[in-house]
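Some notes on the structure that comes next.
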Amino acid sequence: MPSTPTPLTQGLPSAWSAIGVAVALAIYPLLMSVAGQDFYIGLGSRVLILALAASALNLVLGYGGMISLGHAAFLGIGGYTVALLAQGGSAPAWLAMPLAVIAAAAGAALIGAVSLRTRGVYFIMITLAFAQIFYYLAVSLRGLGGDDGLPMLARVELPGLSLGDDIGFYYFVLALAGLAFMLLYRLAASRFGRALVAIRENEQRMAAIGYPVYRLKLAAFTLSGGLAGLAGALLANLSLGVTPHLLTWHQSGILIVMVILGGSGYFWGGLTGAAIYMLLEESISTHTEHWNLWLGALLLFIVLVAPEGIMSLRRKPAKAERA
Amino acid sequence: MNPALLQAQGLVKRFGGLLATDHCNLEVARGEIHALIGPNGAGKTTLLAQLSGELAPDSGRILFDGKDITRLPIHKRVAAGVARSFQITKLFERLSVRENLALAVQARSGHSFDLLGAVADEAALDQGAAEIAARVGLGDVFEQVVATLSHGRQRQLELGMALACGPRLLLLDEPMAGTDPEESRQMGKLILSLRGHCTFILVEHDMDAVFRLADRVSVLVAGSVIASGTVDEIRSDPQVIAAYLGDDHDAGAAA
Ligand SMILES: Nc1ncnc2c1ncn2[C@@H]1O[C@H](COP(=O)(O)OP(=O)(O)OP(=O)(O)O)[C@@H](O)[C@H]1O
Ligand SMILES: [Mg+2]
């Protein structure tokens, strides 16, 4: 095994870190409940969902080097799918959630098929343009509720678990996000994951040694879109409805900020970035109206201290710990 | 059976108004080291890029082993047995020699859409990488990150990457560019050691190396092959001397 970490190995999480994260996330709502801080359980759900969305983006942005400024489109497709299915009252989870993922993945496959023929700034602009098309569709189509979006009367239904209350819903989110993280975990360590990172490192060489670069990128983009769609579907459930705001480029931008903040190309980068972003936003916005300004300043400070993201700070200390 | 492994017929490639490849014909026999020489800007790299599939010719066709590969994407040509090295080193600079070569070996073994199987313990890939590293003389820096290697070492890896694709036809774009005489000699030895195992198209400016290594030589001037033949034929071809070798020889005499 390699003595020093290289870009091929830095994105591989240790099994222990995965177990630690899983345990912490599983007991979190119980601790909050005991402490009488029920508000933080709902916040926890939101953080987990955004962590999932950011991690989905991290797969293409961090691992694959594809800077998508259009991931809000997949949040939106997932969210609107669930909200549409729930218009009759409520929808069964086993139907609504997979459909949301499939719809978002299909959208990502289409957008990716066109966008991935371009590179660099053009790719950023094309993904942005596609997301804007979805935004305007949502705003202008009567069936999608226009500016008001689509409210939901109730969350999706799952026999045996009450998703209406905060703890029940948190575990629903944790179960689905957990599955997604397991998938991403295996991906990162697979031949596919390694090829993806290598494409980020040197696309021309990857083509020259015989990889179907375009198809590999499209596969990653489609998977990423599907997982972002799952996050969108969960968000719709959390907030009991969707609005076109979910589709704004501002949302895509926030996801990018989360990934860069947490560590682009690091397995826990999405989770770390989402958690820190949300906690900062939450704590600052309760103190001042100008929280955006302070949040910006703080993010700038963090990025200056850790230009490769917070997870990159862990690299060396982690080695010392083991020794 | 057709003795030619590769045939390019009437290839044309335009960059805007510039005719970089001008109705170019080239025939490379099975097992030979075929040198491709020509002055700067003659279109050698552009021709190789069309053979490897990175550039699509505007017209003409390319036959590999009798089959038309003109429209085949790069990865399928690599699978069919055509691999190239680059004039300007293009390696995974932040990765180790082992990781570079293992990636190339992995491409050959397929399964890159295997989404879930872990690679960390794939000894076979590392084994394949180690064999290539030993072959191109990089065994001692196997675990070293490429960016820390000398230019000469990187040129060796550049060749190793193409070799790791298991090619039947190797397109080498100035493998000796920027190397010192000793490294150059080593590279020549390496190429000779592979003679018979695969066929070469060798683009090279170092005429001594070309005349020492090549079985046959084609001369490319302004995008078309003006002469093709054995080393002796090319050396004495008046057209070649006028168009190309003449200058070189004068420069050599003056030095
Ligand atoms: N992508 C491109 N776009 C426009 N012009 C190009 C491009 N690539 C090459 N050219 C031009 O095509 C001509 C042939 O270039 P090429 O690099 O193939 O020559 P070469 O024989 O490899 O030269 P050298 O010996 O310097 O490597 C040159 O005039 C070059 O400027
Ligand atoms: Mg050249």
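Note on naming: letters A, B, ... go to the chains in the order of the sequence lines (proteins, then strands), and numbering restarts at 1 for each one. All values below were derived from every heavy atom in this structure, side-chain atoms included, with hydrogens, water molecules and symmetry-related copies excluded. Keep in mind that this is a model prediction, so the values were computed, not measured.
- The parts of Glu158(B) that come within reach of chain A are both its backbone and its side chain, each placing non-hydrogen atoms under 4.5 angstrom from that chain.
- Within 6.0 Å of atom CD1 in Ile19(A), more than 12 heavy atoms from other residues, nucleotides or ligands are found, so the atom counts as buried in its surroundings.
- Residue Ala102(B) touches chain A through both its backbone and its side chain, counting heavy-atom pairs closer than 4.5 Å.
- Each of Arg94(B), Met161(B), Glu93(B), Arg84(B) has some count of heavy-atom pairs under 4.5 Å with chain A, and the biggest count is that of Arg94(B).
- Around atom OH of Tyr122(A), no more than 12 heavy atoms belonging to other residues, nucleotides or ligands sit under 6.0 Å away.
- Inter-residue side-chain proximity for Phe92(B) and Val197(A) is flagged as unmet; no heavy-atom pair is nearer than 4.5 Å.
- Within the 3.5 Å criterion, the main-chain N or O of Leu8(A) finds no donor-acceptor partner in the side chain of Glu99(B).
- Heavy-atom neighbours of chain A within the stretch residues 44-59 of chain B, taken at a separation under 4.5 angstrom, comprise Glu54(B).
- Checking side-chain atoms of Arg205(A) against main-chain N and O of Lys90(B) turns up a donor-acceptor pair under 3.5 Å.
- More than 12 non-hydrogen atoms from other residues, nucleotides or ligands lie less than 6.0 angstrom from CZ of Arg195(B).
- One distance of note links CD1 of Ile209(A) with CG of Leu163(B); it measures 13.0 Å at 0.5 Å rounding.
- Considering all non-hydrogen atoms of both residues, Ala208(A) and Cys165(B) come closest at O-SG, 4.3 Å.
- Judged by distance alone, the side chain of Tyr211(A) and the main-chain N or O of Leu103(B) form a donor-acceptor pair under 3.5 Å.
- When only modelled atom types and interatomic distance are considered, Gln106(B) and Arg194(A) share a side-chain donor-acceptor pair under 3.5 Å.
- Using a 4.5 Å heavy-atom cut-off against chain A, the contacting residues of residues 74-81 of chain B are Ile74(B), His75(B), Val78(B).
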